[in-house]
Structures are given as structure tokens and as C-alpha cells.
Amino acid sequence: MTTETGADVFEEHRPVLMGVAYRMLGRVADAEDVLQEAWLRWSGADRSAVRDPRGYLVRVTTRLAVDRIRRIKARGESYVGPWLPDPLVTDFTGTVPDAAERAVLADSVSLAVLVVLETLSPLERAVFVLREAFGYPYAEIAALLDRGEPAVRQLAGRARRHVEERRPRYEVDPAQRRDLTERFLAAAAGGGLEELVSLLAPDARLVGDSGGKSKAPLRVLRGADKVGRFLVGVARTGVPDPSVRLLELNGGPALLVLSGGKPDSVFQLDVADGRVQAVYVIRNPDKLRTLADA
């Protein structure tokens with residue numbers, strides 16, 4: 001196999017490798033670093049002995065991601081305020097024709113689920129991602145992670161229980177979510193507290209991620225009135241030379257607010273029963289850089 005064909009094979013599998021790395025890490029830059037390391041391993045390997053390139057690359061990527069998570073945890077770095085994953089541009093609606101498969105992929109990359117995955121051990125997270133998002137059989141996951149199948153099944157069971165206990169307990173209707181996102185934008189732009197609160201569930205919450213590098217609540221806001229008042233205040237304060245784009249991030253509709261053409265913040269909603277259950281606000285500039293061309 002030539003270097004050129006090796007690059008072609010790697011690029012062919014890049015989307016699934018990025019999918020694994022991002023779900024494992026929740027950070028775009030870290031996922032890209034892992035893919036760069038995986039490419040170096042792949043380009044230096046004896047590829048003539050590799051019978052299953054995709055399996056080889058997924059194994060390398062997963063193990064590199066596990067090692068990176070362990071290093072991140074070992075550093076024990078503190079984060080200012082609530083943490084949310086980096087927003088990731090997705091296009092499941094346009095690229096995944098099967099509705100059931102699209103729903104699984106969208107759920108596995110949603111902000112709410114990725115926040116829960118942060119609380120898993122590295123191996124639990126790897127097993128959960130490979131099994132739930134990509135449908136790998138337990139035997140293949142065991143081979144990828146160099147673990148026995150019974151141990152992998154135990155890890156999968158623990159991870160699934162943990163996620164189910166902490167993830168939002170409602171189904172998301174994509175059409176309803178998009179409609180409410182558009183109505184939310186109109187209400188927030190209009191600055192009407194009553195109209196905005198009417199879209200929020202009574203126990204709605206707002207999670208703001210600034211990393212201490214821009215203005216956002218340092219604690220989760222809870223209750224429709226408190227969340228509504230904060231959003232109205234944000235709308236009235238505004239940003240210089242504002243514009244808003246509606247795009248798909250992390251498997252669902254999101255609002256990208258720009259100031260002078262540069263990303264300023266991302267708003268995404270969790271929706272159920274016709275009301276907004278949660279508002280996620282990402283304002284950490286480090287996490288918005290990848291959206292400059294979105």
C-alpha cells in the first residue's frame with residue numbers, strides 16, 4: 001500500500017474516527033490532536049499486514065482518546081463556571097437518511113449526553129461510545145480495548161445505568177425543537193419577558209459556559225422567571241453589530257450569535273412537551289473558534 005493510498009484510506013474513515021474522538025473527549029481541538037496522532041501511527045504502520053483498516057484505526061483512535069482523558073484528569077485542572085462540550089457542526093439531517101439512526105447519532109452527540117459522559121471513567125466512556133453510538137458488538141469492543149468480553153459487558157452495563165440515571169428523561173421531536181428555537185429567537189429579540197417565559201417549562205434551567213473568559217452565569221439558573229429575566233437582559237444589552245444564524249450543532253438546531261461577523265455565543269435548547277426544558281449558552285471564545293466559517 002502506497003503512502004497516497006494510505007492517506008486515502010485514512011480520509012475515508014476520518015468521519016467515524018472524528019465521531020469517536022469527539023464523543024470521547026467533548027473537545028474539538030483534543031479530538032483533532034488525537035486524529036493527528038492516529039494518522040502518524042497509521043502512516044508508520046506496516047499496512048500490508050492490516051486486514052481491517054477501519055478496525056485498526058478505530059482501535060488506535062479509541063486508545064489514544066482514553067490516554068488523553070487520563071492525562072486531562074490527572075492534571076486536575078479547574079474550570080470556571082459550568083462546563084459544556086465544544087459545539088460541533090453536524091449535518092445528520094442531510095447525510096443520514098434513516099430517521100432511527102439519525103436520532104441515535106444526534107442523541108449520542110448532544111450537549112446533555114456529553115456532559116453526562118464526562119462523569120464516566122475513560123474505559124466506561126469508550127465502551128458506551130462504541131456500543132451505543134456506533135453499534136459495535138461486545139466481542140469487537142473487547143478486541144479494540146484488549147479486554148475480556150465479560151469485563152466489557154460489565155463496563156457497558158455500568159455506563160448505561162449511569163447515563164440513564166442522569167440524562168434528560170424526555171424524547172426530542174426534531175420539528176418541534178426547531179419550531180421552538182425559532183420562536184425563542186423571536187421572543188428574545190423582541191425583549192418581551194411574558195412571551196419568552198411562556199415558552200419555558202416552569203422548572204427550566206440555563207447552563208452558561210464562559211470559562212471565565214466572557215460574561216455568563218457562573219451557576220446554573222433555575223426556574224422560568226429567572227431564566228427569562230436573564231435572557232431578556234442579554235437581549236437588551238446586545239452585542240455590537242449583531243447577526244444570528246440558525247444551524248445544526250450537536251445533532252440539533254442552534255442559534256449562533258455573531259458580533260461583527262465573529263462568533264460571540266451559541267444558544268441551544270432542550271425541548272419536551274412543547275416547552276423549553278433547558279437553555280445551553282456557550283460563550284467561551286476558545287470553544288467558538290471552529291464556528292468562524294459555520
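In terms of heavy-atom proximity, Val109 sits nearest to Gly251 at CG1-N, 3.9 Å. The shortest heavy-atom contact between Pro87 and Leu249 is CB-CD1, 4.1 Å. Across every non-hydrogen atom of Val227 and Ala204, the tightest pair is CG2-O, 3.8 Å. Between Gln176 and Val271, the shortest heavy-atom contact is OE1-CG1, 3.6 Å. Residues Pro202 and Arg275 approach most closely at CD-NH1, 4.0 Å, considering heavy atoms. Scanning both residues, Ala188 and Leu196, for their nearest heavy atoms gives N-CD1, 4.2 Å.
Between Arg283 and Asp264, at least one side-chain N (NZ, or NE/NH1/NH2) sits under 4.0 Å from a carboxylate O, which counts as a salt bridge. A salt bridge is absent between Glu165 and Arg161; no separation between the charged side-chain nitrogens and carboxylate oxygens falls under 4.0 Å. Under the 4.0 Å criterion applied to side-chain N and carboxylate O atoms, Asp67 and Arg71 are not assigned as salt-bridge partners. Taking 4.0 Å as the cut-off between side-chain N and carboxylate O, Arg14 and Glu11 count as a salt-bridged pair.
Residue pairs satisfying the salt bridge (charged side-chain N to carboxylate O under 4.0 Å, His left out) criterion with at least one member in residues 84-108, sequence neighbours excluded, are listed as follows: Asp107-Arg167. For the salt bridge (charged side-chain N to carboxylate O under 4.0 Å, His left out) condition, the pairs that include at least one residue of residues 119-135, sequence neighbours left out, are Glu118-Arg125, Glu124-Arg158, Glu132-Arg160. Legend: salt bridge (charged side-chain N to carboxylate O under 4.0 Å, His left out) pairs involving residues 285-294, not counting sequence neighbours, sorted by first then second residue: Asp209-Lys287, Lys213-Asp286, Asp286-Arg289. Each salt bridge (charged side-chain N to carboxylate O under 4.0 Å, His left out) pair with one or both residues in residues 49-61, not counting sequence neighbours, would appear here, but there are none. For residues 244-255, the pairs satisfying side-chain hydrogen bond (donor to acceptor under 3.5 Å, both in side chains) are Tyr22-Asn250, Thr90-Glu248, Thr93-Glu248, with sequence neighbours left out.
Ring geometry for Phe267 versus Phe184: interplanar angle of 30 to 60°, hence tilted.
No donor-acceptor pair closer than 3.5 Å links the side chain of Glu37 to the backbone N or O of Leu64.
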Next on the checklist: Walk me through whether Val58 and Leu130 qualify under side-chain contact (heavy atoms from CB on, under 4.5 Å).
Outcome noted: CA-CA 9 Å; Val58 170; Leu130 293 172; 3.9 Å; yes
Item to check | Verdict with supporting geometry, Arg153 and Glu149, salt bridge (charged side-chain N to carboxylate O under 4.0 Å, His left out) | outcome: CA-CA 6 Å; Arg153 288 181 178 273; Glu149 187 174 339; 3.1 Å; yes
Item to check | Candidate pair Asn284 and Tyr79, rule side-chain contact (heavy atoms from CB on, under 4.5 Å), full reasoning | outcome: CA-CA 11 Å; Asn284 185 335; Tyr79 194 81; 2.9 Å; yes
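If you take CG on Leu123 and CZ on Phe128, they are separated by 15.0 Å, rounding to the nearest 0.5 Å. Rounding to the nearest 0.5 Å gives a distance of 8.0 Å between CZ of Arg23 and CG of Leu88.
Here the options are Val266, Leu256, Leu291, Val207, the test is side-chain contact (heavy atoms from CB on, under 4.5 Å), and the partner is Ile282; only Val266 passes.
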Sequence neighbours left out, cut at 3.5 Å: what donor-acceptor pairs do the side chains of residues 140-147 make with other protein atoms?
residue	atom	partner	partner atom	Å
Arg147	NH1	Leu145	O	3.2

